[in-house]
Structures are given as structure tokens and as C-alpha cells.
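One structure below.
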2 protein chains.
Amino acid sequence: MALHEPLLHGKDCGDCPIRHRAVCARCDTDELDQLEKMKFYRSFQAGQTVVWSGDRMDFVASVVSGIATLTQTMEDGRRQMVGLLLPSDFVGRPGRAVASYDVTAVSDLVMCCFRRKPFEDMMLGTPHVNQRLLEMTLDELDAAREWMLLLGRKTAREKIASLLAILARRDVALRQRARGGPLRFDLPLTREEMADYLGLTIETVSRQISALKRDGLIQLEGTRQVTVPDIRRLLEETGDDSDGGMVG
Amino acid sequence: MALHEPLLHGKDCGDCPIRHRAVCARCDTDELDQLEKMKFYRSFQAGQTVVWSGDRMDFVASVVSGIATLTQTMEDGRRQMVGLLLPSDFVGRPGRAVASYDVTAVSDLVMCCFRRKPFEDMMLGTPHVNQRLLEMTLDELDAAREWMLLLGRKTAREKIASLLAILARRDVALRQRARGGPLRFDLPLTREEMADYLGLTIETVSRQISALKRDGLIQLEGTRQVTVPDIRRLLEETGDDSDGGMVG
DNA sequence: CTTTCGCCTTGACGCAGATCAAATTCGGGA
DNA sequence: TCCCGAATTTGATCTGCGTCAAGGCGAAAG
């Protein structure tokens, strides 16, 4: 019921989930009904491919739960992740019938899909969906550019620290946990996926994680659960100058 | 007069330059007059900085002529180019008052600027400007992702070949030259700028260009003018599987 | 309990590209 | 024309990360 919320609401409207639509000025019942009619859900298991690059793709979608990745692959198998899709992220491109990237479910995944053609038709008449989409795309572009700096100029250690910081930040946002104390979260990605994200090999990822552990910047329980005793010290390793909103 | 054309017209409308607006269904005289009122031109010399990251930026703009770059810089001076702005490209982000990147003129540059606030106000009422902007942003996002693959997974030689291919493609488009024959164009970037684009050092850029020359894939007159005797052979060095529309 | 199969870690070694250090060339002004 | 500073090339060397090759560990199945 609340599942196209991320698409319909911008930052201004964050406190108005769709179930309160009767009281939200930006929620037009007509549009919601239209969206309601053209939407359908699809579920995927961890590891499953949603679409292959080059496949026909007749829908656009919003991630409801779980994590997916966008990756590009070269002929010889070299792979680069170019997008990490978290709940509320948008997938697909209005006006394009063919997927440009492989979309893969990293965890169990639910997506809320809208048939592309009717969605595009509706967009013509509903400027604020359009506007919201522009806003989201600009955010993605900023993220992509941050990522380019990471890929082009950061060391392996900085790359790992940056990724951990991103995942930690996501976890903080998710749980709305108090800032400042030690931070514990699960890595949603395998070492290989981290390597594809960072433009490294599995071995280098593993070695750098071990190094951060050795240096006391993180602790590991098993292979996935990370504890960050002092987020500031980790952030110092990222090479970024800001704290990325982690320290308040 | 024809200078906000790239902003107002999508691909569908390519054959309708603004000077024919009387006959173009998508050209609304009202909007054009509005844009006309809020626009102004700014010129920059090669090397001049347009805005620094973090500066207040009260306009959005469209590149009229010349080339500009978007770059990010780390505290210790490492730099990564994250955008290459060619004529018709859009600069600035509606809804954001502060620049996220350094914008620098690489050649002499003319930009057509629109004051941000009135531009945003107008966007609310003119969905097709909004839509065009979304389209352009999605194209930029695709380009950024292509670039991420280059930065994360390509070798130095592949990076150089890819950049030359991009510049060659641009030149072909610019002059609408016949495909197939030898190709000659000027590098708009210094070796340092190429290095910042590719995530390499100046020395590696220079060495790889020398290697391509030695292997007969390119010829150089002076340091800037490149001749590509056979574009196919160059494209084979990029690591990409498609010909990128260069060979017809 | 043991086996098996992914996933992860660790070690040894090699190499692509970075770094440091000179030349050399180019382009613009006197 | 020559001169000068900046851009580029080239060489020598170094090093961070990739590659190759064993193991280790933990979860699920037998």
C-alpha cells in the first residue's frame, strides 16, 4: 500500500506517508489511483538476475525491500558495479525499452513495478512525479561522481573505509540510531561484490579488511558482522574531508 | 538567440531550431519570452574557474561554446574529473544553491545562464523543460556509469584509447564528416586534464600515447593534433565490445 | 558426527602504473 | 629571429595491487 511512496514524495513531504494521503496537499488521488492500476510486484531470491543488459524491459520499478546491484561486464569478464539499489531507489529509464546494465538481487528483493508505457503517459500529465524523478536522478548522478573519485584516485584502504562508511551511514539512517556510540551492522555484500563495487580484487578487499581489523578500526564477528568502535577514526581513513553527516 | 535551444528541445524536435519557432508545436512563445528575460551570457578564458566547489551558485547554465570540466579535489590535491561539458550541456542543479564541483573553462568558454530562482519557478509550469532536463540528466548518468567502468576496470592503454574514441566521435558529430576514412582532430585537453579524466598520471598518459603512436594506431602532429588512420583498430583497443556508432 | 561446497583469508611473487628526475619540445613574446 | 617558461616526453626505479596457489572456516546436507 505504501510502496510507491518514494516515487511520489520529495524531501518536503517526508512526514506524509501515503496512508495519510487524505491530508497531504501533494497527493492527488487521481494519480495515485492511476499508479495503483498499473503497478505490480515482483520478488527475487538472493543471487537472481532481474534483467540482463540488452534485454527488453517493459517496466520501471522502485525497490521495496532488499538490495540489488547494477553492473557492467566487459567481454573478458571484468565487472564493475555502477549502482547499488536500496529500498526506495528507482530502476529503469522512462523512454528506454532496453536495459543498459545487469540488475541482480543481492539479497531477497521485492520490487514495485509499473508498466513503462502507461507510466510514461502518466508522467506527461503529472509534473511533480516528473520533478521527483529528476531530483532522484540528480542525486544518483552526484553519487556516481563521488564514486568516480573513489575509483579513480583512492587507495585500496581508502576505498574499503569509504564503502564501510557508506554502509554504516545507511544503517544509522535505517535504525535512526543515536550517533556517537559504537556502531554494529551486517555487510550486505560478499567480498566479491565489494570488489566489483570498488574496482579491486577479492583478495585485496579481504587483505584491507584484515588490516583495518588489525589496526583496531573495526571488529568482525564472523565474516559479515562489523562493529565500528569509533566512526571518526574510520572516516579519517576514507580520504574524504567531510564527516558525511555521521558525526553530529 | 538560438542559445537555449538545447534545453528546450529534445531529440524529437532536432530539426526545429529555435529560429523556426513559429512552426514548431513544442515551442511556446510564452516560455521562450520568459527564458529570454532571465537569461544572460558569461564568458571565460581558457583556464579560468567558473565556480569553486562550495561556492554559492545562483544560476543554472547551458554551455554555448567551448569546453569546461567538473572536477573533485581531495585535501591532499588528488584530483578526479567527473564531468566534461561540451556545447549544449547543462550546468548546475535546480534546487541547489551551492556548487558540488569545481567548474573550469578548458578552452575559451561562453555560457548561457539563467537565474536559478526564476528558472525553477518557470520549471513548475513547463513540464517539457522538466522532461528535457530529466532526459539530459539520465544521459549524463549513463555516461558517468560508462566512465566508472573505465576508471575501475580498464588498463591505461584501454583508458587512453577510450578517451581518444570519445573525442573522435565528438569530432565526427561536430563536422558530420563521412565515416570510414582517416580521422583528424585536435585534442581539447592537456595531458594533465587527460590524466585527471582517466585516473592516471601525466607520465602514464604520455607514455601510452607514445605507445599508440609507435604501434601505428594514431599519428601526432605537434602535441595536440591527432590523426587516426583506422578508427576500427583504435576501437579494438578500448576494451568495449561495440563500435560506439563510429563505424557505419 | 563427517563431508562438501561456497566463501573467505593468507602467502609468495610479478607487473602495471606511480614516483622521481632529467631532458626535449613547443609556443608565445621580445 | 631568438629566448624563456610551460608542457611534454623519456628513463630509472619503486610499490601497491593483481595473480596464482594453498588452506581455513562455517553452514547445510548426508
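These numbers come from a predicted model, not from an experiment. Per chain, numbering begins at 1; letters A, B, ... match sequence-line order.
- Across the protein-nucleic acid pair, B:Asp196 atom CG and C:dG17 atom C1' stand 16 Å apart, rounded to whole Å.
- Within the structure, every side-chain polar atom (N or O) of B:Thr204 is placed at least 4.0 Å from both OP1 and OP2 of C:dG17.
- Counting distance only, with no hydrogens placed and no angle test, the side-chain atoms of A:Arg214 and the base atoms of C:dT9 include no donor-acceptor pair under 3.5 Å.
- The distance from atom CD1 of A:Ile160 to atom P of C:dC8 is 12 Å, rounded to the nearest whole Å.
- The shortest non-hydrogen separation linking A:Val98 to A:Gly54 is CG1-O, 3.4 Å.
- Per the geometry, CD1 belonging to A:Ile209 stands 11 Å off P belonging to C:dT10, to the nearest Å.
- Contact check, B:Thr190 against D:dA7: no side-chain N or O comes under 4.0 Å of OP1 or OP2.
- One can place CG of B:Leu200 at 15 Å from P of D:dT8, the figure rounded to the nearest angstrom.
- In this model, the phosphate group of C:dA18 is approached by a side-chain N or O of B:Thr201 to a distance below 4.0 Å at OP1 or OP2.
- A donor N or O paired with an acceptor N or O is not found under 3.5 Å between the base of D:dC17 and the side-chain atoms of A:Glu203.
- In terms of modelled atom types and a separation under 3.5 Å, the side chain of B:Gln80 and the main chain of B:Asp196 share a donor-acceptor contact.
- For B:Arg191 and D:dT9, the shortest distance from a side-chain N or O to OP1 or OP2 is below 4.0 Å.
- Put simply, CZ on A:Arg78 is 18 Å from P on D:dC17, counting in whole angstrom units.
- For D:dG16, neither phosphate oxygen OP1 nor OP2 lies less than 4.0 angstrom from any side-chain nitrogen or oxygen of A:Thr155.
- Salt-bridge formation is not detected for the pair A:Arg79/A:Asp102: no Lys NZ or Arg NE/NH1/NH2 atom is positioned less than 4.0 Å from an Asp or Glu carboxylate oxygen.
- The distance from atom CD of B:Glu221 to atom P of C:dG27 is 12 Å, rounded to the nearest whole Å.
- Going from atom CG of A:Leu84 over to atom CD1 of A:Ile67 covers 6.0 Å, rounded to the nearest 0.5 Å.
- B:Gln80 has its CD atom 15 Å from the C1' atom of C:dA18, to the nearest Å.
- The distance from atom CD1 of A:Ile202 to atom C1' of C:dC7 is 8 Å, rounded to the nearest whole Å.
- Side-chain atoms of B:Arg207 come within donor-acceptor range of the base of D:dG11, with a qualifying N/O pair under 3.5 Å.
- Among the atoms of the strands shown, base atoms are found under 4.0 Å from some heavy atom of B:Ser206.
- The two residues B:Pro229 and B:Ile218 make their nearest non-hydrogen contact at CD-CA, 4.1 Å.
- Here A:Arg157 lies out of heavy-atom contact (under 4.0 Å) with every strand.
- The residue B:Gly199 sits close only to the backbone: its heavy atoms come under 4.0 Å of sugar-phosphate atoms, none of a base.
- Across all strands shown, B:Arg224 has heavy atoms under 4.0 Å from sugar-phosphate atoms exclusively, and none from any base.
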